[in-house]
Protein chains: 2
Amino acid sequence: MGNIHDIARLAGVSASTVSRVLNNHPYVSTEKRQAVLDAAEQLHYEKNINAVHLSRGKTETIGVILPYVNHPYFGTILSGIAAAAEENGFKLMIVQTKYDVNQEIDALNMMKLKQVDGLIITSRECPIEMVEDYSTYGSIVLCEAWTGSQMSSVYINHFKAFKEAITFLKDRGHSKIGYTIVRVDGKSSIARRNAYEEVFHYVRDEWVFDNSLTIEDGVRVAGEWKELEKRPTAMLITNDFVAAGFILECRRLGFQIPGDVAVIGFDNHPIAAPLGITTIDLPLQRLGEIAFQQAISPTEITHQEVPFTIVKRESV
Amino acid sequence: MGNIHDIARLAGVSASTVSRVLNNHPYVSTEKRQAVLDAAEQLHYEKNINAVHLSRGKTETIGVILPYVNHPYFGTILSGIAAAAEENGFKLMIVQTKYDVNQEIDALNMMKLKQVDGLIITSRECPIEMVEDYSTYGSIVLCEAWTGSQMSSVYINHFKAFKEAITFLKDRGHSKIGYTIVRVDGKSSIARRNAYEEVFHYVRDEWVFDNSLTIEDGVRVAGEWKELEKRPTAMLITNDFVAAGFILECRRLGFQIPGDVAVIGFDNHPIAAPLGITTIDLPLQRLGEIAFQQAISPTEITHQEVPFTIVKRESV
DNA sequence: GTAAAGTATGAAACGCATTTCAGATCAAGT
DNA sequence: ACTTGATCTGAAATGCGTTTCATACTTTAC
């Protein structure tokens with residue numbers, strides 16, 4: 001198959017000229033250009049991309065850290081990233097962490113090793129300072145509210161979204177509002193608690209259901225909700241999958257939505273429409289696209305909040 | 001930051017010795033080993049992985065071709081692949097094709113360029129011969145029924161699964177059975193038609209709904225189903241998402257499941273349980289894990305059919 | 001006591017493309 | 001006729017780690 005020098009020899013030119021032809025540089029005579037092209041063809045030449053990476057010092061590859069690839073929230077962000085990557089001729093390296101810190105560090109190290117030019121962190125477990133340390137090796141994009149000067153960020157204002165959702169419920173007469181979160185110490189969980197406290201001054205712990213990420217979790221939460229002595233009359237739920245599980249299980253248990261319990265979900269996942277779930281639409285695909293753009297623009301650090309909108313359906 | 005030669009100089013050894021230490025080769029004296037480690041520490045040495053890739057001629061990276069990353073079917077396979085990759089210290093490069101042939105070719109070329117050691121094709125658009133040509137550059141794993149000698153495969157027997165589902169419905173008295181497919185010329189669509197013909201000898205075209213991949217498609221199909229003069233009394237549906245859309249829309253339109261129309265889905269996605277969808281459980285996570293193992297075992301070509309099971313719920 | 005086997009080390013070759021620098025040529029401008 | 005500036009071209013340096021081969025010194029084995 002040969003390399004660039006073989007082509008050079010066969011075409012009677014130097015390796016530099018071959019490289020120029022192969023990279024469409026100007027200043028190569030038509031005859032030599034053709035000779036190189038012919039020789040490359042004849043030798044069935046294929047670039048060794050690793051040599052290019054080594055030589056150029058970059059790989060046109062972006063790493064993506066996400067806890068679960070097949071979760072609709074992260075999957076949709078990933079889809080947006082992938083679409084933008086394709087458009088820009090970049091490759092994508094994904095690391096599914098399952099919320100494991102070591103996996104995350106592994107991914108961060110890909111940048112240190114020059115395996116990727118940039119890194120998009122859709123969900124973070126490591127301390128932020130640690131992540132920031134890595135920003136010397138390449139561009140890091142955080143999908144969370146963050147305004148430091150070393151890393152870009154693109155995020156949904158969970159505090160605002162949650163507050164708006166609570167207010168929406170309060171305005172409709174609800175005062176007993178429960179909510180679900182993924183992990184108690186998660187960043188958006190804290191934002192939710194803060195928002196809740198700002199509206200109601202007090203969070204009743206038994207109305208906070210953690211570990212809610214999947215449909216099954218929604219089913220489980222419905223069971224837990226049912227057993228409460230003082231049941232919330234409304235629930236703000238992590239995402240539409242959890243909401244779907246919750247609503248379907250509530251119905252199975254004989255409760256009415258929104259009669260017995262009103263529900264607001266998050267994401268505006270396609271499942272929300274046929275289930276009539278009132279939800280907060282999050283432009284996740286778009287968020288992914290922005291994250292990608294930030295990742296390939298290491299020089300300009302920006303912080304972009306993407307808007308959300310309440311989609312009113314029948315669950316409230 | 002320095003490279004291996006800087007370390008060698010500082011430690012007073014040769015680059016070969018440094019490489020040996022860094023790769024845990026035996027035959028290095030304790031003193032020199034320590035000297036190298038100290039020097040590496042002192043220089044904050046970090047390997048340039050691209051040099052390693054170039055030198056070794058492989059990247060410990062597997063490429064994954066899939067049409068949509070955020071689709072539950074492919075997302076779950078990907079999740080299995082990702083889990084196996086992590087366990088084996090491999091990286092993953094993903095290419096979201098959106099069923100675009102050029103994207104697929106792009107991905108195939110990653111192997112030619114030595115960017116990835118192997119490739120897992122979860123869904124294929126290119127002619128099989130073309131894909132096979134690439135198998136000289138690395139290991140290719142197909143997630144479809146295939147028994148050639150150059151590429152491994154891991155797949156669900158769609159013909160068998162579909163036939164079993166139809167028989168299941170027929171045994172329960174259904175003779176007017178419709179079904180949905182993704183694309184008319186898709187491989188599993190052909191398998192479905194064949195299975196259908198084997199049971200009923202004749203496929204009524206208006207009972208075949210194509211372009212059914214998402215929840216929205218399910219909603220649309222429900223509308224189409226309603227408008228038929230002769231409505232099927234049972235539907236075999238592409239996957240549980242489409243089934244969910246179909247069922248929810250049917251209910252909204254005032255029909256009973258399974259009274260007016262029985263439904264069987266595919267995948268056994270978590271949404272199927274709370275919706276009571278009778279479905280064919282497909283071990284997609286496992287399929288992904290197997291695919292990965294095959295991808296990193298280029299020497300042994302295997303063909304593995306993974307089993308499916310009918311999960312009986314209330315939609316039939 | 002000598003052959004065989006094991007341990008330890010470095011030089012050099014290998015993998016390969018890109019890019020800078022210096023030199024050469026040719027056309028255009030004054 | 002002479003200076004610029006643009007167009008070509010190749011040698012050599014650069015990016016960097018791995019691995020083979022040759023060599024030399026120790027042990028063990030018989």
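Letters A, B, ... are given to chains in the order of the sequence lines, protein chains preceding strands, and every chain is numbered from 1.
Distance His53(A) NE2 to dC16(D) C1': 15 Å, rounded to the nearest Å. Rounded to an integer number of Å, the gap from Glu60(A) CD to dA17(C) P is 17 Å. A straight line from CG of Asn24(B) to P of dG17(D) spans 16 Å, rounded to a whole angstrom. Put simply, CD on Gln34(A) is 14 Å from P on dT9(D), counting in whole angstrom units. Note: CD1 (Ile7(B)) to C1' (dG10(C)) measures 16 Å, nearest angstrom. For the pair His5(A) NE2 and dA13(C) P, the interatomic distance rounds to 15 Å; values are reported in whole Å. One can place CG of Leu113(B) at 11 Å from P of dA17(C), the figure rounded to the nearest angstrom. In this entry the distance linking CG of Asn3(B) with C1' of dA13(D) reads 14 Å, nearest Å.
An OP1 or OP2 oxygen of dT18(C) is reached within less than 4.0 angstrom by a side-chain nitrogen or oxygen of Lys47(A). Dashed line: the shortest gap from a side-chain N or O of Lys32(B) to OP1 or OP2 of dG10(C) is under 4.0 Å. Within the 4.0 Å cut-off from OP1 or OP2 of dG10(C), not a single side-chain nitrogen or oxygen of Ser16(B) is found. Contact between the side-chain N/O atoms of Ser29(A) and the OP1/OP2 oxygens of dC8(D) is not found at any separation under 4.0 Å. In terms of phosphate contacts, Arg20(A) brings no side-chain nitrogen or oxygen within less than 4.0 Å of OP1 or OP2 of dT19(C). Between Arg56(B) and dC14(C), a side-chain N or O to OP1/OP2 separation shorter than 4.0 Å is absent. A close approach under 4.0 Å does not occur between any side-chain nitrogen or oxygen of Ser55(B) and OP1 or OP2 of dT18(D). For dT18(C), the OP1/OP2 oxygens have a side-chain nitrogen or oxygen of Asn23(A) closer than 4.0 Å.
The side chain of Ser19(A) has dT19(C) as its nearest neighbour among dC16(D), dT19(C), dT18(D). Comparing dG10(D), dC16(C), dC16(D) by their closest approach to the side chain of Asn48(B) singles out dC16(D). Listed candidates were dT18(D), dA17(C), dC16(D). Nearest to the side chain of Ile4(A) is dA17(C). The Leu54(A) side chain lies nearest to dG15(D) when the options are dG15(D), dT18(D), dG10(C). Checked against dT19(D), dG17(D), dT9(D), the side chain of Tyr27(A) finds its nearest nucleotide in dT9(D).
Checking side-chain atoms of Asp117(B) against main-chain N and O of Glu60(B) turns up a donor-acceptor pair under 3.5 Å. Within the 3.5 Å criterion, the main-chain N or O of Gly118(B) finds no donor-acceptor partner in the side chain of Ser139(B). Between the side chain of Glu104(A) and the backbone N or O of Arg124(A), no donor-acceptor pair lies under 3.5 Å.
Heavy atoms of other residues, nucleotides or ligands lying less than 6.0 angstrom from NZ of Lys114(B) number 12 at most.
With contacts defined as side-chain heavy-atom distances shorter than 4.5 Å, the pair Val306(A)/Ile290(A) qualifies.
In the interface, the side chain of Thr17(B) is not paired with the base of dA8(C) through any donor and acceptor atom under 3.5 Å apart.
When only modelled atom types and interatomic distance are considered, Thr59(B) and His53(B) share no side-chain donor-acceptor pair under 3.5 Å.
Among the atoms of the strands shown, only primed sugar atoms or phosphate atoms (P, OP1, OP2) are found under 4.0 Å from some heavy atom of Val13(A).
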